[in-house]
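Reviewing the structure listed below.
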Amino acid sequence: MLYRIGIVGCGTVGRGFLEILDRKAAVLEAESGFQARIVAIADKIKGSLISPQGLDIKKTLKALNQGWPLSAVDPEAVLPNGSSSAEIIAACPADIILELTPTNIRTGEPAAEHIRTALRTGKHVVTTNKGPLALHLRELRELAARKKRLFRFEGAVMSGTPVFSLVEHGFAGNAIRGVSGILNGTTNFILSKMEIDDVNYGEALAQAQKLGYAEADPAADIEGYDALAKVVILANVFLGANLKPADIRPEGIAGITRDMVRAAKAEGQRYKLVGFARRTVNGVAAGVASRRLPLSDPLAGVMGARNALTFDLDLLGPVMIEGPGAGRIETGQAVLQDLLAIHRELK
Ligand code: HSE
């Protein structure tokens, strides 16, 4: 089955997804009958294209890797200046829109409006964008249901490490009492680098940015707002909460110095930024805070940009998953996972 795909926001994640598609197109078609044609890209910085016959993926990747404007890919597909992303979403001949613009956790925009436009104009949506999910999940899910379109977001938490699909399939029949874990790759990478390579905070952050882990504005990582968005999404999806990011004040890692990391290490301990949400008699309690953990704690062994999440389940008890939490290919894989899930559902 051939899917016509439009990409809105073609930064780190979009590039990762296209790299995977380039590498795996033949296998995906042979093994599952999945074929993708990229019919549109809308990017505020790189430019926008609509190409009903499909863009050449290698040429698109070359332009993205070289930092060229997307007009270099197919001059005939270029749209007039001033076309908004929402207009492109509405007009493009896509079956599925990938909403991959940078997260804005305060407003959820422009991503939320992109998703609404895509659903209203009959497209399925895959997103990795945490803003619209943390702020408008219920509304967007209802809109998708009304429009009979699929709306998936595996990459919003723990990149390609399965969280939502794991609960949907593997944990079927369990009630979830709570979740807790390390939910931000950038801060875990920085804390790990400060301890193991003894680099300072600035150097570690620069590496996290270079490796594509950090948000466009890394303050969201450092101050705990990215982990908070994920906690809110998990609480609302799994615990039936109706939390908003503004309900919770997160703690980040800005106050943790290299000396503090060294002192903790000398005492067999390690700092980690931990997010949690759990059912209580008074509703759902949730938060994000830095913790000094003994090395014997399973979370203390999660290093680099890896994340971990423990589910407290009524039938299975605690189940912990550990895997990549951020990254170009790791999050691109989450997009592919969702596309293949849509394919299985529509087939
Ligand atoms: N900036 C995020 C992180 C990206 O570091 O975890 C993945 O959501």
Side-chain angles (χ1 to χ4, degrees), residues 9-17 20 98-106 108 111 126-135 137 152-165 179-194 201-202 204-235 237 245 250-254 256 271-276 288-290 299 302-309 321-338:
C10 203
T12 306
V13 179
R15 193 155 56 91
F17 167 68
I20 296 174
L98 310 182
E99 211 300 333
L100 309 177
T101 61
T103 287
N104 181 328
I105 194 196
R106 276 181 298 106
V126 170
T127 189
T128 56
N129 196 314
K130 293 147 276 187
L133 300 171
L135 289 155
L137 180 74
R152 300 192 65 92
F153 42 83
E154 185 59 65
V157 180
M158 290 185 77
S159 65
T161 308
V163 172
F164 301 101
S165 61
V179 290
S180 64
I182 296 172
L183 294 167
N184 181 266
T186 301
T187 46
N188 207 50
F189 177 86
I190 292 172
L191 292 171
S192 302
K193 280 272 161 198
M194 290 202 315
Y201 164 83
L205 173 60
Q207 282 188 39
Q209 289 177 298
K210 198 165 158 214
L211 290 165
Y213 302 148
E215 295 301 297
D217 176 2
D221 296 296
I222 305 307
E223 292 168 10
Y225 285 95
D226 178 77
L228 171 66
K230 292 165 179 164
V231 161
V232 168
I233 295 167
L234 294 171
V237 173
E251 197 184 289
I253 64 157
I256 302 176
Y271 283 98
K272 293 290 173 191
L273 188 66
V274 177
F276 69 92
V288 174
S290 59
L299 288 185
V302 178
M303 300 298 275
R306 295 178 78 80
N307 284 185
L309 186 64
I321 52 167
E322 194 257 1
R328 188 178 83 251
I329 294 295
E330 294 84 346
T331 314
Q333 190 275 341
V335 173
L336 178 63
Q337 232 187 101
D338 279 340

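Counting starts at 1 for both ligands and their atoms, in listed order. Remember, it's a predicted structure, so these values are computed and weren't measured experimentally.
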| Should Gly325 be listed as contacting ligand 1, given a heavy-atom distance under 4.0 Å as the test? | yes
| task | Say whether Lys130 and ligand 1 are in contact under the criterion: heavy-atom distance to a ligand atom below 4.0 Å. | result | yes
| message | Can you report which non-hydrogen protein atom sits closest to atom 5 (O) of ligand 1, along with the distance? | response | Thr186 OG1, 2.6 Å
| message | Checking a contact table here: which protein heavy atom is nearest atom 2 (C) of ligand 1, and how many Å away? | response | Glu215 OE2, 3.2 Å
| query | Which atom names give the shortest non-hydrogen contact between Ser192 and Lys272, and what distance separates them? | reply | OG-NZ, 4.2 Å
| Test item: Glu154 side-chain N/O and Val163 main-chain N/O as donor-acceptor pair under 3.5 Å | yes
| query | Just by distance, do the side chain of Thr186 and the backbone of Ala208 share a donor-acceptor pair under 3.5 Å? | reply | no
| field | Atom indices of ligand 1, in the order listed, that fall short of 4.0 Å to a heavy atom of Asp221 | value | 1 (N), 2 (C), 3 (C), 5 (O)
| For ligand 1, which part of Asn184 has a heavy atom less than 4.0 Å away: the side chain, the backbone, both, or neither? | both
| request: Run the numbers for me: atoms of ligand 1, each under 4.0 Å from some heavy atom of Tyr213, listed by number. | output: 1 (N), 2 (C), 3 (C), 4 (C), 5 (O)
| Contact summary for Pro162 and Gln337, nearest pair of heavy atoms | CB-OE1, 4.2 Å
| request: Around atom 6 (O) of ligand 1, find the nearest protein heavy atom and jot down its residue, atom name and distance. | output: Gly185 N, 2.7 Å
| Taking the side chain from Asp221 and the backbone from Asn184, do they hold a donor-acceptor pair closer than 3.5 Å? | no
| request: Looking only at non-hydrogen atoms, find the nearest pair between Glu330 and Pro324 and report the distance. | output: CG-CB, 3.5 Å
| query | Looking only at heavy atoms, is any part of Asp226 under 4.0 Å from ligand 1, and if so is it the side chain, the backbone, or both, or is it neither? | reply | side chain
| field | Sub-4.0 Å atoms of ligand 1 with respect to non-hydrogen atoms of Lys230 | value | 2 (C), 3 (C), 6 (O), 7 (C), 8 (O)
| Between Lys230 and Ala156, what is the shortest heavy-atom contact and its length? | CE-O, 3.4 Å
